[in-house]
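Note that these values count all heavy atoms, side chains included, but never hydrogens, waters or copies made by symmetry.
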Amino acid sequence: MRIALAIALCALCTPLASRSAWATESATKAQSEGLSAHVSVAGAPGDGEQALAAALAKRLAATGVRQASAFEANIYDIQGTVRVSPAQRGKETVIIIWVVLGPDGNQLGVTRQTKDVKKGSLDKRWGAAADAAAAAAAADIVKLLPQ
């Protein structure tokens, strides 16, 4: 029985060891290719989470910051949080807070955007609004990343 347990444990450890070697290889590759970042957005209505993340990743790529998956090692994490609240005269106030974290998890900085829009205009598709928000945020976010 002890032998069977030892064999089972070895079988479980082998894939983990392979993943560890793969992660090290990915980290080395990412370092040689320059900065990498994972962009995520939460709290946006409609398709805002996907649209904002994609638009910001595209803007950052234009500055040389490669888009990474959340599972890569040694990457920067850019987290957007969207809050929509009622405003006067048929408008809503949209607040987007972007938090930039280093590969070690330490916060490098925060940038904030506020815009009044027509009520309900972002309930389905963000389209040009996502591009405009990403364009405005990208310059501030790049300043928070090491050069």
Side-chain angles (χ1 to χ4, degrees), residues 8-147:
L9 286 175
C10 287
L12 288 174
C13 292
T14 301
L16 294 175
S18 299
R19 286 183 191 156
S20 176
W22 179 81
T24 303
E25 181 181 312
S26 294
T28 304
K29 183 178 176 186
Q31 288 172 346
S32 67
E33 293 175 358
L35 293 179
S36 298
H38 175 256
V39 179
S40 62
V41 178
D47 72 346
E49 293 177 2
Q50 297 82 13
L52 280 168
L56 183 59
K58 182 179 176 182
R59 293 287 179 162
L60 292 174
T63 68
V65 179
R66 186 180 71 78
Q67 184 176 1
S69 75
F71 302 107
E72 290 182 46
N74 231 6
I75 62 170
Y76 292 83
D77 192 16
I78 302 167
Q79 301 172 350
T81 303
V82 179
R83 299 284 182 249
V84 180
S85 59
Q88 296 181 352
R89 300 184 182 186
K91 300 235 179 217
E92 293 176 316
T93 300
V94 179
I95 299 171
I96 307 172
I97 300 171
W98 299 101
V99 178
V100 180
L101 303 169
D104 58 1
N106 287 326
Q107 183 175 309
L108 301 178
V110 176
T111 187
R112 177 184 172 117
Q113 298 172 281
T114 303
K115 178 83 173 164
D116 285 342
V117 299
K118 181 180 173 187
K119 185 177 181 180
S121 64
L122 301 177
D123 287 350
K124 292 184 182 177
R125 297 189 51 82
W126 279 57
D131 292 331
D140 289 338
I141 290 170
V142 168
K143 289 177 189 174
L144 297 172
L145 297 171
Q147 302 302 319

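Annotation: side-chain hydrogen bond (donor to acceptor under 3.5 Å, both in side chains) contacts involving residues 47-63, sequence neighbours excluded, are absent. For residues 120-143, the side-chain hydrogen bond (donor to acceptor under 3.5 Å, both in side chains) pairs, not counting sequence neighbours, are Thr111-Asp140. Pairs of residues two or more places apart, or lying in two chains, never qualify as side-chain hydrogen bond (donor to acceptor under 3.5 Å, both in side chains) while including a residue from residues 81-92.
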Hey, mind stepping through Val39 and Tyr76 against side-chain contact (heavy atoms from CB on, under 4.5 Å) and telling me if it holds? CA-CA 9 Å; Val39 179; Tyr76 292 83; over 6 Å; no
Step-by-step side-chain contact (heavy atoms from CB on, under 4.5 Å) determination, Val84 to Leu122: CA-CA 10 Å; Val84 180; Leu122 301 177; 5.7 Å; no
Apply the test side-chain contact (heavy atoms from CB on, under 4.5 Å) to residues Leu60 and Ile78: give CA-CA distance (whole Å), side-chain angles for both, the deciding distance (0.1 Å), then the verdict. CA-CA 11 Å; Leu60 292 174; Ile78 302 167; 3.4 Å; yes
Show, in sequence, the C-alpha distance, side-chain angles and deciding distance for Arg112 and Ile95, and conclude whether the side-chain contact (heavy atoms from CB on, under 4.5 Å) test is met. CA-CA 7 Å; Arg112 177 184 172 117; Ile95 299 171; 3.6 Å; yes
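Summarising the geometry, atom CD1 belonging to Ile75 is positioned 11.5 Å from atom CG belonging to Leu35; distances are rounded to the nearest 0.5 Å.
The backbone N or O of Ala133 sits less than 3.5 Å from a side-chain atom of Gln113, completing a donor-acceptor pair.
Scanning for side chain to side chain donor-acceptor pair (under 3.5 Å) contacts around Asp116 gives Thr93, with sequence neighbours left out. Looking at residues two or more places apart in sequence or on another chain, you find a side chain to side chain contact (heavy atoms under 4.5 Å, CB included) between Gln107 and Val99, Leu101, Val110. For Pro86, there are no side chain to side chain contact (heavy atoms under 4.5 Å, CB included) partners, not counting sequence neighbours.
In plain terms, the two heavy atoms of Asp77 and Ser40 that are nearest each other are OD1-OG, 4.5 Å. Considering every non-hydrogen atom in both Leu52 and Ala44, the closest pair reads CD1-CB, 4.5 Å. Across every non-hydrogen atom of Ser69 and His38, the tightest pair is C-CD2, 3.8 Å.
Taking the side chain as every heavy atom from C-beta outward, Asn74 and Ser36 never approach each other to under 4.5 Å.
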